[in-house]
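None of the values given here were measured: they were computed from a predicted structure. Whatever order the structure lists them in is the order used to number ligands and atoms, beginning at 1. Quick note: residue numbers are just sequence positions, from 1. Just the heavy atoms: all of them, side chains too, but no hydrogens, waters or symmetry mates, feed the values below.
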Amino acid sequence: MNIPKVIIPTYYENGEGALSVIEQYKQLPFSIKRIYYIYQVPEGVKRGGHAHKKLQQLLFCPYGEIEIILNDGKEKDSVILNSPSTGILVTNTLWREMVWKKENSVLCVAASEEYNEDDYIRDYEGFLDFVKAEKRKENLL
Ligand code: TYD
């Protein structure tokens with residue numbers, strides 16, 4: 001599976017730390033409507049377990065280590081996020097799970113839409129049906 005990586009430009013100051021910056025039209029194919037972050041998650045916990053109808057997201061882990069497991073209905077793949085200067089783009093029709101590999105890891109998300117519970121697909125069979133329906137639509141175009 002192709003999981004698009006996003007390089008987040010990072011500027012290292014001589015002995016004074018680093019600064020990373022994301023600009024919506026430079027690093028992202030969407031404009032950012034919402035930013036959220038998930039933290040204080042104990043090591044070993046798995047979160048997620050859903051897909052989205054519309055939402056596009058940039059995920060990155062500026063501190064710690066988090067495994068992102070993605071499933072497009074056919075294939076499953078995973079990527080480790082553990083750098084403030086590399087993120088991944090996660091499109092709507094991917095079932096996602098996130099596993100906290102280290103305590104105190106922080107998952108940051110820049111999202112293309114405001115929060116809308118109706119955009120979530122939280123049951124796996126419903127997700128497979130949604131993927132099939134999207135494929136059928138694409139084939140009709
Ligand atoms: P959820 O997206 O299910 O978290 P995860 O995928 O990490 O398991 O969100 C957890 C809860 O937080 C859910 O009940 C809805 C709420 N929530 C908001 O109210 N606004 C938001 O922007 C997000 C992302 C979640």
Side-chain angles (χ1 to χ4, degrees), residues 1-13 15-141:
M1 188 190 298
N2 173 35
I3 304 173
K5 286 213 163 54
V6 174
I7 303 301
I8 303 169
T10 299
Y11 304 94
Y12 293 94
E13 313 290 342
E16 293 173 5
L19 183 155
S20 296
V21 59
I22 298 161
E23 290 179 272
Q24 58 187 14
Y25 297 121
K26 287 191 185 163
Q27 279 79 41
L28 298 178
F30 56 81
S31 59
I32 300 167
K33 291 219 178 106
R34 175 169 52 119
I35 287 173
Y36 63 91
Y37 32 95
I38 305 172
Y39 53 99
Q40 294 179 358
V41 178
E43 187 178 317
V45 164
K46 186 188 271 186
R47 296 184 57 114
H50 55 77
H52 287 273
K53 294 175 192 161
K54 196 171 166 205
L55 191 72
Q56 313 286 316
Q57 294 167 306
L58 166 71
L59 267 56
F60 60 102
C61 172
Y63 187 83
E65 187 172 308
I66 298 167
E67 182 183 17
I68 311 295
I69 304 163
L70 298 172
N71 173 351
D72 65 7
K74 275 192 176 164
E75 275 184 86
K76 213 174 180 185
D77 206 347
S78 80
V79 63
I80 294 283
L81 295 181
N82 58 6
S83 161
S85 54
T86 313
I88 55 168
L89 282 179
V90 178
T91 50
N92 51 336
T93 47
L94 289 173
W95 189 263
R96 77 276 323 262
E97 292 168 322
M98 302 85 90
V99 182
W100 260 250
K101 297 302 230 185
K102 285 188 185 161
E103 206 180 331
N104 292 328
S105 301
V106 180
L107 182 64
C108 293
V109 183
S112 65
E113 311 296 330
E114 285 159 12
Y115 174 70
N116 174 9
E117 185 56 38
D118 290 343
D119 189 65
Y120 280 76
I121 305 167
R122 291 195 186 270
D123 104 88
Y124 189 70
E125 292 305 314
F127 161 68
L128 294 177
D129 290 343
F130 185 81
V131 170
K132 273 189 214 144
E134 288 295 293
K135 288 251 160 67
R136 245 179 269 130
K137 260 197 244 163
E138 273 170 32
N139 291 338
L140 288 176
L141 288 177

Whether Glu65 and Lys102 form a salt bridge (side-chain N of Lys/Arg under 4.0 Å from carboxylate O of Asp/Glu) is what I want to check.
yes
Using a threshold of 4.0 angstrom between heavy atoms of the protein and any atom of ligand 1, which residues qualify?
Arg34, Tyr36, Ile38, Arg47, Gly48, His50, Met98, Tyr115, Tyr120, Arg122
State which residues pass ring-ring contact (aromatic ring centres under 6.0 Å, His included) with Tyr36; sequence neighbours excluded, sorted by chain then number.
none
Got a donor-acceptor contact below 3.5 angstrom from the Gln56 side chain to the Lys54 backbone?
yes
Before accepting this row, confirm whether a basic side-chain N of the pair Glu114/Arg34 lies closer than 4.0 Å to the acidic partner's carboxylate O.
no
Between Phe127 and Tyr124, does the ring centroid distance fall short of 6.0 Å?
yes
Would you please test Glu117 and Arg122 for salt bridge (charged side-chain N to carboxylate O under 4.0 Å, His left out) and show each step?
CA-CA 10 Å; Glu117 185 56 38; Arg122 291 195 186 270; 2.8 Å; yes
